[in-house]
Amino acid sequence: MKMKLFLALISLIFFVGACHTIEKETEEKSNSEYTHHNDWSKSAVIYELNIRQFSEKGDFNSVIPHLDRLKAMGIDIIWFMPVHPIGEKNRKGGLGSYYSVKDYTAVNSDYGTLSDFKNLVNEIHKRDMFVLIDWVANHTAWDNPWVEAHPDWYTKDSTGNMIPPIGTDWSDVVDLNYDNPEMRTAMIEALQFWVQECEINGYRCDVADWVPSDFWTAARAALDSINPDIFMLAEAENPKLHPAFDMTYGWEMHHISNEIAKGKMNFDSLHYYMIKEDSNFNSTDYRMHFTSNHDENSWNGTVFERYGENYKNWAVVMATIDGMPLLYSGQESKMNERLKFFEKDTIVWNDYPLEDFYSELYTLKDSNEAIWNGDFGGDWAFISNSNPESVLTYSRSKNDNTVLVALNFDSLESQFSISNLPIGVYKSYNSEETLEVEEEGSELSLGPNDYRIFIKK
């Protein structure tokens, strides 16, 4: 009993502290402007495509045979990891880091030609999908032509030598100096090149918060002047970037999911996070959620290493909470391998054993406005249940349309009751199972590491 009282007190202190933080952050949020999103993005799902590891050849042309299956799986946006030539000076590993850019207006010859890339973009557009490419604005390769031609465009140490980004081990790249207006102009012109020349739909911007926000605002305006439907994704969680960016990373949400999987956090942590999100970000701000990406897979482990048997449960969470889900190359193949970052390491596709799982999930997202992105979707609500240590229940609602998500993270079957949910009959999205919610609550049973998604219209 004393332990329960102690835990309750700790939770109360955590909640009060979170609320105090929220008050301060709300003031910051209210002073920001926010992007109006394209209609096509309202229920979109994004796919990160690692060109080097995607096929045996590792080239643009080898992606084309996969486009129909990606479209059928519910993918709307394909984000290509950097397509540029990779620096050779101070290179890491045999093939180097994708994020060591040798030339901002060229393609990596290992991937093909610029014409090959244009053809790939055209094939994606034919299928009513959209293309983002990775952009590395914070630093370049040591053998980028800018280094010799414009040394004043780079950050220097006290002895006048160029340096990698401070506080990193990124010895293969050199830091850019955004105090230089000429460099800013050249960077914006390079960004415009790909929109004009290849008709891409936007960018995923690497370590975007390490680049001044006023640069991104200027870059966004320049890109909008070419294509007003441009889409921008920032690898950052700063709400103040949203005037320039449509979407930011949900890194904190991802880290919370990893900590819950380790037993170091619980579902209260997720609840408090969602409260904080509502305060920090405007309802129009898209947040990107994921169980894996190129960094997590290579450096921290596969979804099976980090989530164990709950890898599907966490995929369901990322697809149904308030934000856009990301799928990384190979997840549909049930890939249980950390892809080598600096070497060739082809994905083994294994007949795509999880393709149907993701297809059903993303079809639901596309068809049900309650779980759409940003303010196109519905409000998130934590649903109380009688087994809160093992079971997570929540809902999202929009226009009398409610989606109930129930997930059992235990390795044993769980029987539990739920309350504070709108009364009515709910139907499972992928079976004939129904749930009748009554005023006094309802009973549910879930198998080990299992989930249910119910819909009430």
Engineer: Would a 4.5 Å heavy-atom cut-off, applied to side chains only, mark S43 and F376 as touching?
Structural biologist: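 Side-chain contact under 4.5 Å: no.
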Engineer: Among residues at least two apart in sequence or on other chains, which ones pass salt bridge (charged side-chain N to carboxylate O under 4.0 Å, His left out) with E199?
Structural biologist: none
Engineer: Could you list all the ring pair (Phe, Tyr, Trp, His ring centres under 6.0 Å) pairs where at least one residue sits in residues 429-457, not counting sequence neighbours?
Structural biologist: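 Of all non-adjacent pairs touching residues 429-457, none passes ring pair (Phe, Tyr, Trp, His ring centres under 6.0 Å).
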Engineer: Using the test side chain to side chain donor-acceptor pair (under 3.5 Å), find all partners of E123 that sit at least two apart in sequence or belong to another chain.
Structural biologist: K126, R127
Engineer: Given H84, which partner from the list F117, W135, Y99 fulfils the ring-ring contact (aromatic ring centres under 6.0 Å, His included) test?
Structural biologist: W135
Engineer: Knowing that exactly one of K42, R204, R220 qualifies, which makes a salt bridge (Lys or Arg N to Asp or Glu O under 4.0 Å) with D246?
Structural biologist: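 For D246, the salt bridge (Lys or Arg N to Asp or Glu O under 4.0 Å) check succeeds only for R220.
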Engineer: Who are the side chain to side chain donor-acceptor pair (under 3.5 Å) partners of D110, not counting sequence neighbours?
Structural biologist: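 If we apply the side chain to side chain donor-acceptor pair (under 3.5 Å) test to D110, skipping adjacent residues, there are no hits.
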Engineer: If you look only at pairs with a residue in residues 359-388, which of them pass as a salt bridge (Lys or Arg N to Asp or Glu O under 4.0 Å), with sequence neighbours excluded?
Structural biologist: none
Engineer: Considering non-hydrogen atoms only, spot the tightest contact between A261 and Y307 and give its length.
Structural biologist: CB-CD2, 3.9 Å
Engineer: Under the salt bridge (charged side-chain N to carboxylate O under 4.0 Å, His left out) test, which residues partner E237, sequence neighbours left out?
Structural biologist: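 So E237 forms a salt bridge (charged side-chain N to carboxylate O under 4.0 Å, His left out) with R287.
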Engineer: Using the rule ring-ring contact (aromatic ring centres under 6.0 Å, His included), only one of F290, W314, Y328 pairs with H254; which is it?
Structural biologist: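 Per the ring-ring contact (aromatic ring centres under 6.0 Å, His included) rule, the option paired with H254 is F290, out of F290, W314, Y328.
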Engineer: Quick check: closest heavy atoms across P353 and K334, and the distance to 0.1 Å?
Structural biologist: CG-CB, 3.6 Å
Engineer: Among residues two or more places apart or on two chains, list those pairs meeting salt bridge (Lys or Arg N to Asp or Glu O under 4.0 Å) that have a residue in residues 344-355.
Structural biologist: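 Sorted pair list: R69-E355.
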Engineer: Determine which pairs satisfy salt bridge (Lys or Arg N to Asp or Glu O under 4.0 Å) with at least one residue from residues 305-328, sequence neighbours left out, and list them in order.
Structural biologist: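 The answer is E296-R306, E305-R338, D322-R396.
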Engineer: Taking only residues two or more places apart in sequence or in another chain, which ones pass salt bridge (charged side-chain N to carboxylate O under 4.0 Å, His left out) with D128?
Structural biologist: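 For D128, no residue satisfies salt bridge (charged side-chain N to carboxylate O under 4.0 Å, His left out) once neighbours in sequence are set aside.
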Engineer: Classify the ring geometry of F267 against F409: parallel below 30°, tilted from 30° to 60°, perpendicular beyond 60°.
Structural biologist: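 Aromatic pair F267/F409 classed tilted.
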Engineer: Tell me which one of W79, W40, Y47, F231 satisfies ring-ring contact (aromatic ring centres under 6.0 Å, His included) with F130.
Structural biologist: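 Among W79, W40, Y47, F231, the one that satisfies the ring-ring contact (aromatic ring centres under 6.0 Å, His included) with F130 is W40.
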Engineer: Listing request: all side-chain hydrogen bond (donor to acceptor under 3.5 Å, both in side chains) pairs with a residue in residues 402-412, at least two apart in sequence or in separate chains.
Structural biologist: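 Pairs touching residues 402-412 that pass the test: S390-D410, S397-T402.
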Engineer: Not counting sequence neighbours, which residues clear side chain to side chain donor-acceptor pair (under 3.5 Å) with Y426? List them please.
Structural biologist: none
Engineer: Which heavy atom of F54 sits nearest a heavy atom of V63, and at what distance?
Structural biologist: CD2-CG2, 4.1 Å
Engineer: Please list, chain by chain and in numerical order, all residues satisfying side chain to side chain donor-acceptor pair (under 3.5 Å) with N449, sequence neighbours excluded.
Structural biologist: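 Partners of N449 under the side chain to side chain donor-acceptor pair (under 3.5 Å) test: N310.
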